[in-house]
Amino acid sequence: MENQQVMDIALEKFTWKIEAFSKVNTKKLSSKSFKVGGNRWKIILYPKGRDVDHLSLYITVADSLPPYGWSRFAYFRLALINQVDNNKSIVKETQQKFNAGNNGWGSPSFIPLSEFHDPSQGYLVNDTCIIEVHLSVSKVAFNINGEQHRPKEVKTKELEKTFSDVTLSPTSTQNSKDGQSSEIEVQLSQLEDQGIGPSDVTPSPKQVQFVPSAPPMYPLLSNEFEEVLLIPVSDLIDFKSLEAEEESFIPLWKEVCSWHPSLVENQRRRSPRFILWAFIALGRVLLFLKTKKIRDMGGDNFMHLQVLWEELHSFGFDLTWLEPHVHSALDAKAYLQRAEHVKNLRVNVATLEIEMRKLKAKLAVSELDLEVARRDLEEVENGFKERDMDAELGYGIP
């Protein structure tokens, strides 16, 4: 980590050096986490792109899933270093607002893979690439306007500093020490798959690219990136008005709404009472799925979930993400019935096998007794002459 001062903004630098890049066989790589502004951050790289023929590069919060209400403004540069000509390094520079529903930002099309893998271009040299992030974090937006967002005095030579801050082996993915970054990666991927978050088309990397943007709810400085407004569920529902039983739904609502913002968007134009009913119906299904196990899905629980699911469908949510899990739970009843039948058959087979083994043992003893009896018979029959049992005994007079 290094500190820099640009336009009265103190930037901290983190360098990620990836060696033996050609041996990378994973879909996604994560850098070691680094702490800036009280939160841990990390870089995420898709070596083969995210469904595009470009290298995809992102920065994301590496802490556990932040709660609603948490937000930070980050001013940063995400750079792919050109190791042959530093003036050709590619830099994406922006200010973004991160919160529980938008905690990752990046470029799915950072550089065409063909150019990246061409050693003569200078981005992958000796099978090694170098990525840098220069970052500053604040609870309020940075005062950057117009051309001030393109710092003329900043040269890419500042990026020539030490490249050995961290080296990642391509055979594994490094996470933060607390091991809590997987939820962020999942959320980032799902948000990207839903089309949420900025996207870009990278210009030719023949010069340093400063690509300005703005945080959500602020005027965009460039139309290259997409503005995303994320509304917390707490803006729709007064949590203080909930019954004690319904309060258990709150963390479930926050979790699924951070992953699926459309849940809030689908309801925010409804009446407060309708919204409350809708989210209570959603909470009941979520709580059921979270607390029940497969073994519980026999009898009344099957009917209970079926009723809850039918009720939830009437509120107009987009439930395509939840439907496979509900159907899997409902299918558990048939599974349990079949499992019980299989169990009974297995018990029956085991009982018959035991009986068969007993009979086989008894047969073996009987066969041994038979052989002994045969030998005894043979000994007794030796020299024994059969007599007519019906002949008269007589007394010697004809």
Side-chain angles (χ1 to χ4, degrees), residues 1-6 9-18 28-46 50 55-67 69-81 90-108 110 129-142 144 158-159 161-168 172-192 196-198 211 213-216 225 228 230 258:
M1 298 287 294
E2 295 182 16
N3 296 327
Q4 296 183 18
Q5 189 78 20
V6 178
I9 300 176
L11 299 176
E12 296 189 56
K13 185 181 81 169
F14 175 79
T15 303
W16 184 20
K17 183 177 181 181
I18 308 175
K28 176 170 60 177
L29 290 177
S30 299
S31 74
K32 177 183 177 181
S33 64
F34 52 95
K35 192 170 185 179
V36 177
N39 292 95
R40 303 198 71 83
W41 306 78
K42 68 177 178 178
I43 307 169
I44 295 188
L45 170 70
Y46 293 83
R50 287 184 55 77
L55 195 74
S56 301
L57 199 58
Y58 299 84
I59 182 171
T60 179
V61 181
D63 293 320
S64 59
L65 194 65
W70 176 92
S71 66
R72 293 294 184 273
F73 289 88
Y75 178 88
F76 60 91
R77 301 193 191 108
L78 196 57
L80 175 63
I81 302 302
I90 302 176
V91 181
K92 302 292 184 179
E93 182 182 56
T94 182
Q95 177 182 192
Q96 291 293 321
K97 184 179 182 181
F98 293 83
N99 54 38
N102 185 30
N103 51 18
W105 183 96
S107 170
F110 205 87
C129 73
I130 299 171
I131 299 169
E132 290 184 355
V133 61
H134 300 246
L135 175 65
S136 184
V137 179
S138 174
K139 292 184 179 181
V140 296
F142 294 95
I144 302 171
E158 294 183 7
L159 303 180
K161 297 182 180 180
T162 306
F163 294 149
S164 58
D165 292 354
V166 61
T167 300
L168 178 69
S172 63
T173 300
Q174 283 186 271
N175 294 321
S176 61
K177 293 181 179 179
D178 57 13
Q180 296 176 326
S181 61
S182 59
E183 290 181 301
I184 301 298
E185 295 176 24
V186 171
Q187 182 182 4
L188 174 64
S189 299
Q190 291 177 338
L191 290 175
E192 293 162 8
I196 297 174
V211 184
S213 177
F225 298 106
V228 180
L230 298 174
S258 66

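Worth knowing before you read on, the calculation uses all heavy atoms, side chains too, and leaves out hydrogens, waters and symmetry mates. This one's a predicted model, so the numbers in the text were calculated from it and none came from an experiment. Numbering of residues begins at 1 and proceeds along the displayed sequence.
Taking the ring centre of Phe110 as origin, the terminal cationic atom of Lys92 falls inside the region bounded by 6.0 Å and 45° from the ring axis.
Between Phe98 and Phe73, the ring centre distance reaches or exceeds 6.0 Å. Remark: aromatic rings of Phe14 and Trp41 are distant, center separation not under 6.0 Å.
Counting only heavy atoms from C-beta outward, the side chains of Thr15 and Ile130 approach each other to under 4.5 Å. Side-chain contact between Leu11 and Leu135 is absent, with no heavy-atom pair separated by less than 4.5 Å. No side-chain heavy atom of Leu29 sits less than 4.5 Å from a side-chain heavy atom of Ile44. A heavy-atom distance below 4.5 Å is found between the side chains of Thr94 and Phe76. Under the 4.5 Å side-chain criterion, counting only non-hydrogen atoms from C-beta, Glu12 is not in contact with Ser136. Lys42 places a side-chain heavy atom less than 4.5 Å from the side chain of Thr60. Using a 4.5 Å heavy-atom cutoff, the side chains of Arg50 and Tyr58 are in contact.
With rounding to the nearest 0.5 angstrom, the OG atom of Ser107 is 8.0 Å from the CG atom of Leu78. With rounding to the nearest 0.5 Å, the separation of CD in Glu132 from NZ in Lys17 is 12.0 Å.
Taking all atoms of both residues into account, the shortest heavy-atom contact from Leu45 to Leu57 is CD1-CD1, 3.7 Å. Closest approach of Pro108 and Gly106 over heavy atoms only: CD-O, 3.8 Å.
Remark: side-chain polar atoms of Arg72 are not paired, donor with acceptor, to backbone N or O of Lys139 under 3.5 angstrom. For the pair Ser31 (side chain) and Ile43 (backbone), a donor-acceptor distance under 3.5 Å is present.
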Could you walk me through whether Lys13 and Val133 pass side-chain contact (heavy atoms from CB on, under 4.5 Å), step by step? CA-CA 6 Å; Lys13 185 181 81 169; Val133 61; over 6 Å; no

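A side-chain donor-acceptor contact under 3.5 Å links Tyr75 and Glu93.
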